[in-house]
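Note that the coordinates shown come from a computational prediction; the quantities given were computed from them, not determined experimentally. Below, all heavy atoms of this structure are taken into account, side chains as well, without hydrogens, waters or symmetry copies. Lettering follows sequence order; numbering is per chain, from 1.
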2 protein chains.
Amino acid sequence: MKDNYHHGDLRNALIEAGIKIINENGEDALSLRKVAAACGVSHAAPYAHFPDKESLLSAIKETVTNDFLSELEKAANGSKVKNAQEAIMAMGERYILFFRNNPDYFNFLFHKQKPEVHTDMSKDYPNDYAPFLMFKRYLNKYFEESGIRLSAKEKEIGLIKTWGLVQGLSSIAGMENVNATISWKVLAKECLK
Amino acid sequence: MKDNYHHGDLRNALIEAGIKIINENGEDALSLRKVAAACGVSHAAPYAHFPDKESLLSAIKETVTNDFLSELEKAANGSKVKNAQEAIMAMGERYILFFRNNPDYFNFLFHKQKPEVHTDMSKDYPNDYAPFLMFKRYLNKYFEESGIRLSAKEKEIGLIKTWGLVQGLSSIAGMENVNATISWKVLAKECLK
DNA sequence: ATTCAATCTTTACGGTGTCAAGTTTAAATT
DNA sequence: AATTTAAACTTGACACCGTAAAGATTGAAT
């Protein structure tokens, strides 16, 4: 009566178990064998769903990123947000706070694989790192709304400044005694002049 | 005739070998046993000099950070630098370029241990992350030179803005298509208004 | 009823960090 | 100069890891 066969949804169970382990004991504590054990399954079972450990980690990153994205969307659609400029301000703050509240996520999400980004503002690259894409779209909207005429190069620099600032400050947001959102609030206003 | 005993300077040899492996094949390729083998020594020999692997990695980080620091000092002492403000601009650019040229170093240096920093501008914390300390000192000098009277809180925010910007932008400096020094040059001028 | 492909188990291999016990050596002590 | 000592190294062992191969189990398709 081996009812361990055909778990039902092992793939997702592995992802959930992986997230739990990372949250409780850090990324280093995560091993394929522990994740498998947490799901009550043999140590080689994950190989039916993921070709290797890195692939499981990628799947975990994907779901974490999705959670992150939905937080950003909530911020951008907040009731107090009246235009693209305010949406960007709100997103940025939420962005930085996310990594302040989960300092380990920054390295976990980025330390192996750099996010793909294209700073060319005239085109959309749907495979780009989704939070970056969100900034890019709102910034384009802001440029339209503001009515200021900018060259392609100027727009690109504007994007690097605002998103680079957010992503950059996020990397220090988890440090003790560092209030990264202050920098954001002050500098972002100068970015979006 | 075992002339492997008393290597002479195994501690430093291990550090050098470790740096070489990291530069050639990345941090993941570094194992205590490989480092030991590269020094022609048995797999447990490192334990005479380091209590564990993490400790060897810390020593490696220390020497890398020292190289980094001396680059910053060279920038700050450049012949074209006439005052503290220009020193900060030059340091920042070199700072970001260092991580653009060695993208893997950013995660290697920071992904386990966050650098210690104290943003209180009135005191010196000699154990703080050295590159941060350097910024802090030059910024204090800049505040003196500029003659502007600022409150303690305003000075602190100024520090978070400038160093946070540099350290932050460094985290994205290694990405394709991202010119982080542009952001630095534009934003730093607004920081040091 | 049989086949089949997906899912999971078992076993095995080489690599890893770390520990314990033994060996070698240079330098300190007598 | 002989002996002791402590540091620097070797050897061997252990548990854990990622991964591969081969076999067992199962629900669904034929």
Phosphate oxygens OP1/OP2 of C:dC8: is one of them under 4.0 Å from a side-chain N or O of A:His49? yes
Residue pairs, two or more places apart or on separate chains, that pass salt bridge (Lys or Arg N to Asp or Glu O under 4.0 Å) and touch residues 153-162 of chain A: A:Lys153-A:Glu156
If we ignore hydrogens and angles and just use 3.5 Å, is the side chain of A:Asp120 paired with the main-chain N or O of A:Ser122 as donor and acceptor? yes
Will you find, in the side chains of B:Asn83 and B:Tyr138, an N or O donor that is under 3.5 Å from an N or O acceptor? no
From D:dT11, C:dC8, C:dT18, pick the nucleotide closest to the side chain of B:Asp52? C:dT18
Between CG of A:Asp9 and P of C:dA6 the distance, given in whole Å, is 17 Å
Between B:Glu54 and A:Ala48, the residue closer to the 5' end of DNA chain C by nearest nucleotide is A:Ala48
Rounded distance in Å - CG (B:Asn12) to P (D:dA8): 13 Å
Kindly say whether B:Ala84 contributes a backbone atom to a donor-acceptor pair with the side chain of B:Glu145 at under 3.5 angstrom? yes
Once salt bridge (Lys or Arg N to Asp or Glu O under 4.0 Å) is applied, what residue pairs with a partner in residues 162-177 of chain A remain, sequence neighbours excluded? none
Chi angles and distances behind the side chain to side chain contact (heavy atoms under 4.5 Å, CB included) call for B:Ile88, B:Leu139: CA-CA 7 Å; B:Ile88 292 171; B:Leu139 197 63; 3.7 Å; yes
Residues passing the ring pair (Phe, Tyr, Trp, His ring centres under 6.0 Å) test with B:Phe106, sequence neighbours excluded, are B:Phe99, B:Phe110
How long is the line joining CG of B:Leu14 and C1' of D:dA8, in whole Å? 12 Å
Give the rounded distance in Å between these two atoms: CZ of A:Phe50 and C1' of D:dG18. 15 Å
DNA chain D: stems of at least 3 consecutive Watson-Crick or G-U pairs, cut-off 3.5 Å? C:1-30 with D:1-30
Is the backbone of A:Ala76 close enough, under 3.5 Å, to the side chain of A:Arg94 for a donor and an acceptor to pair up by distance? no
Can you name the atoms? Protein N/O to nucleotides 19-21 of chain C N/O, anything below 3.5 Å, with the distance.
none

Within the 6.0 Å centroid threshold, strictly below: A:Tyr95 and A:Phe135: yes
Considering residues, nucleotides and ligands other than B:Glu62, do more than 12 of their heavy atoms fall under 6.0 Å from its CD? no
Listing time: all N or O pairs from protein to nucleotides 14-17 of chain D that are below 3.5 Å?
from   : atom 1 : to      : atom 2 : distance (Å)
D:dC17 : OP1    : A:Ser31 : OG     : 3.1

In terms of heavy-atom contacts, does NZ of B:Lys185 have more than 12 from other residues, nucleotides or ligands at under 6.0 Å? no
